[in-house]
Amino acid sequence: MLLSSQAVGVGALGVVGAGSPSAAAGGVRALAAGGTCVDAALAAALIETVVLTPKCGLAGDLVALYVPGQGSPPEALVAVGPSPSGLGAALLERRALPFTGGLAVGVPGAPAGYAALASRGKLGLAAACAPAIELATCGFAWPEVCATLSREADVLLLEHQQPGIRLRPVHGPLEAGELVRLPGAARALAALAAEGASLFSGAVGDAFLDRVRRAGGVIERDDLAAATGQWSAPVTAVVAGGRLHATPYPTHGPALLDALARWEQAGLRGLPSAVRAAISHMRATGGDAPAGDGGTSVVAAVDASGGAVVVVHSLSFPQFGSGLVVEEYDLVCSNRAGRGFSSSPSSANFPHPGARPLTTLHAWMVAGPEPGRVRLGATPGGAQQVCWNAQTLAAMLAGGADLGEVVTSPRWHLDGDAVVAEVDAIVDLVDERTRPVPPLSERSAQLVVELAEPGGLSRIAADPRLGAAAIAR
C-alpha cells in the first residue's frame, strides 16, 4: 500500500508524469508558466531527450493521444518517419534487413511530432526547448536506468564508433550519478526551437545524412523532408462497459483493443491468451511484429482545465537505437526501419517508398465504466507494451482499481508460449505456462492519468520500476 500511494500525484492545478523526475518537474514548471497539458508534456519530453538519451531523442519518433478537455473527443498523433525511398531496393539485393547499423536507421519523425504538439499548446516550441537546453549545457547526473542501458548497449556502441564520444567515454560506459554534459544536444535543441519540423533540413540534417551514409545507410534528403506529424481520430471500441480509444495503425493501438475484446469474449479470463492472439493477428495482417524493449519513454500531463495528453517517444530497440551517434549533436540514430519493417517483399510491412513501419508504440484512453471517469496511459516496453497496457486496462475495467495499485501491481509478459511473471502475478494466471521472476523486475514504466471533474482533483500514477515520477502542481 505504501508503494502504491507513493506512485501517485494528486492536484487541482495539474499533474505531470515522466520517466525522469527532472522531466516531470520541467513539465510542472510549464504548467506554472501558464502552459497547457501539451506544453507540460512537451517540455518534459524534450528534457527526456537529454537525460534519457538511450531511450528517446530528436532522431526518433513519437505517438500521442490528446484530449483538449473533459468531454472532448480525443485526437491521435502519429509521427513515425516513412521508409527511405531506396531501402526496398537495397533489401532486394541483400535479402535481409539488419536490426542495427546504417541500413537500419529510420527517418526521424520526432521533430514533426514535437512541432505538432507545440501547435496545440500556448507557450511555443522555443519555450519547451529552453529547460532541456539548460540541462544539456550545465550538466545532469546520469540516471540509474541509463547506466543500465549503457552497459547493456556497450558492445553495440563500440561496434559503430570509437570510444571517446560523450555518450561512451574512453573510461567505459557512463555510470549512474556521473556528471554528464551534452553540448551537442543543446545545439540540436536550439536548432529545433528555431526550425521546428524542418530541423533536418539544415546543418543537423547534413551531419545526420553524412553519419548514416558512412555506415551504409540509404536515407536521402528528400526522405527527411517527407516525415510528418499526422493528427487523426483514434481507433475505438467498447469493452466491459468502458469506451476505449487508442492510437491507430501503424501503432499497436488496434492490437491492444483487439486483445481486450478477446478477453471480454472469454468472460474476462485468459488475458495472456487474448494478448497472444491479438499480436499474432496483427503480425498476420500488418507484417512482422517488432521485438525487444529498452528504447522508449512516456510522458503524460493533465492541466487545470481538464486537458490531458500522453506522449510515447522512442529510438526503437535495442538501447541506443541503431548504435550510430552523430557526435556533433549527441544525436542517437533510431533503428525504426530495421526493427519495424519486414524483409519479405510479400509482406504488407515491406519498406515500399513512403510506407511507415509497424511500431509497438501506442497510447490509450478509457472513459468509464464508472460514470465521469476518464483515464489515459501508456508504457514503454517494445513488444510487451500490449501486454502491460492490457493488464492495466483489464484491472481498471474489471474493478475500477486504484491508480497506484494499477501501476505497482505484479506484471507479466509473453515469451513465446510461456508467460514470464513477477512472482505475485502467477496466482492470477490460469492454464498458462509461467516462469517466475522477482517482484518489480519487469521493465514496465506505466504512466496513467485521470482527468478531474470541473473544479476537482486530477491524478497521475507512475510505475516505479524504472524510476518514473509523478508530480502534482
For residues [X] and [Y], is any side-chain donor paired with an opposing acceptor at under 3.5 Å?
X	Y	value
Thr392	Arg411	yes
Ser85	Asp223	yes
Thr36	Asp303	no
Glu48	Ser297	yes
Glu178	His171	yes
Thr228	Gln230	yes
His362	Thr247	no
Gln385	His252	no

Next item on the list: Show your working on salt bridge (Lys or Arg N to Asp or Glu O under 4.0 Å) between Arg336 and Asp61 and close with a plain yes or no.
Entry: CA-CA 8 Å; Arg336 181 64 63 198; Asp61 44 34; 2.9 Å; yes
Notebook entry, point to check: Are Glu152 and Arg443 close enough, and set up right, to give a salt bridge (Lys or Arg N to Asp or Glu O under 4.0 Å), and what steps lead you there?
Noted result: CA-CA 14 Å; Glu152 293 176 351; Arg443 284 191 169 180; 2.5 Å; yes
Checklist line | Pair Phe208 and Phe200, ring centroids less than 6.0 Å apart | finding: yes
Next item on the list: Have a look at Ser344 and tell me which of Ser347, Ser346, Ser342 forms a side-chain hydrogen bond (donor to acceptor under 3.5 Å, both in side chains) with it.
Entry: Ser346
Note to self: Ring of Phe99, cation from Arg339 - is the NZ or CZ under 6.0 Å from the centre and inside 45° of the axis?
What the structure shows: yes
Check: If you measure from the Lys or Arg side-chain nitrogens to the Asp or Glu carboxylate oxygens, is any gap between Glu75 and Arg120 under 4.0 Å?
Finding: yes
Donor-acceptor check, side chain of [X] to backbone of [Y], threshold 3.5 angstrom: yes or no?
X	Y	value
Asn335	Val105	no
Ser150	Cys146	yes
His313	Val311	no

Check: What residue among Thr49, Leu167, Leu157 forms side chain to side chain contact (heavy atoms under 4.5 Å, CB included) with Val332?
Finding: Leu167
Item checked: Verdict with reasoning, Glu327 to Arg168, per salt bridge (Lys or Arg N to Asp or Glu O under 4.0 Å) -> CA-CA 10 Å; Glu327 186 175 1; Arg168 205 298 181 179; over 6 Å; no
Margin query: Between Glu220 and Arg213, is the side chain to side chain contact (heavy atoms under 4.5 Å, CB included) condition met? List the steps.
Written below: CA-CA 9 Å; Glu220 299 291 341; Arg213 288 166 179 165; 3.0 Å; yes
